[in-house]
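Below: the structure, in structure tokens.
These numbers come from the heavy atoms of this one structure, side chains and all, not from hydrogens, waters or symmetry mates.
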Amino acid sequence: MVVYLLIDWVHYYQLIRSNQAAELEPYTEEQKAFQQLVHKTIMEQNAHYDEMKQQNEERLYFFSHWMHDLKTPVSVIKLIVNHDKHTIGHRGRMRNPAL
């Protein structure tokens, strides 16, 4: 048992020194089942992340178009109001030359 642990420690130590990712191989059925569960969970989380990213992109697209559609009538109203202020101011000056 001590010899096995020593060999395993040397193998692990070499992996750490070479800065390589050490992925442990499953030996027992429980370890294999756990590894499959972890991989399944990672895949589900990646799918959920991709779905949320897609929803966020759709939401951003919707809001950008909504803001553009809202900004156009507001700009037109602002132009009309400014034009009316200019027209009213111009008429007032015509009636009262002192202005």
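Screening residues 32-41 for salt bridge (charged side-chain N to carboxylate O under 4.0 Å, His left out), with sequence neighbours left out, gives Glu29-Lys32.
The ring pair (Phe, Tyr, Trp, His ring centres under 6.0 Å) check on His83 picks up nothing, with sequence neighbours excluded. Partners of Tyr4 under the ring pair (Phe, Tyr, Trp, His ring centres under 6.0 Å) rule, at least two apart in sequence or in another chain, do not exist in this structure. For Phe63, the side chain to side chain contact (heavy atoms under 4.5 Å, CB included) criterion is met by Arg59, Trp66, not counting sequence neighbours.
There is a path of hydrophobic side-chain contacts, each under 4.5 Å, that joins Phe62 to Met67.
Each of Ile77, Val76, Asn82 was scored for a side-chain contact (heavy atoms from CB on, under 4.5 Å) with Ile80, with one residue passing: Val76.
At distances below 3.5 Å, at least one donor-acceptor pair connects side-chain atoms of Gln31 with backbone N or O atoms of Tyr27.
Annotation for Tyr61 and His65: closest pair CE1-CE1, 2.9 Å, computed over non-hydrogen atoms.
Other members of the cluster containing Val2 do not exist, because no ILVMFWY side chain is joined to it at under 4.5 Å.
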Taking distance alone, no hydrogens or angles, what donor-acceptor pairs closer than 3.5 Å link side-chain atoms of residues 46-58 to residues at least two apart or in another chain?
residue : atom : partner : partner atom : Å
Asn46   : ND2  : Ile42   : O            : 3.4
Gln54   : NE2  : Glu58   : OE2          : 3.3

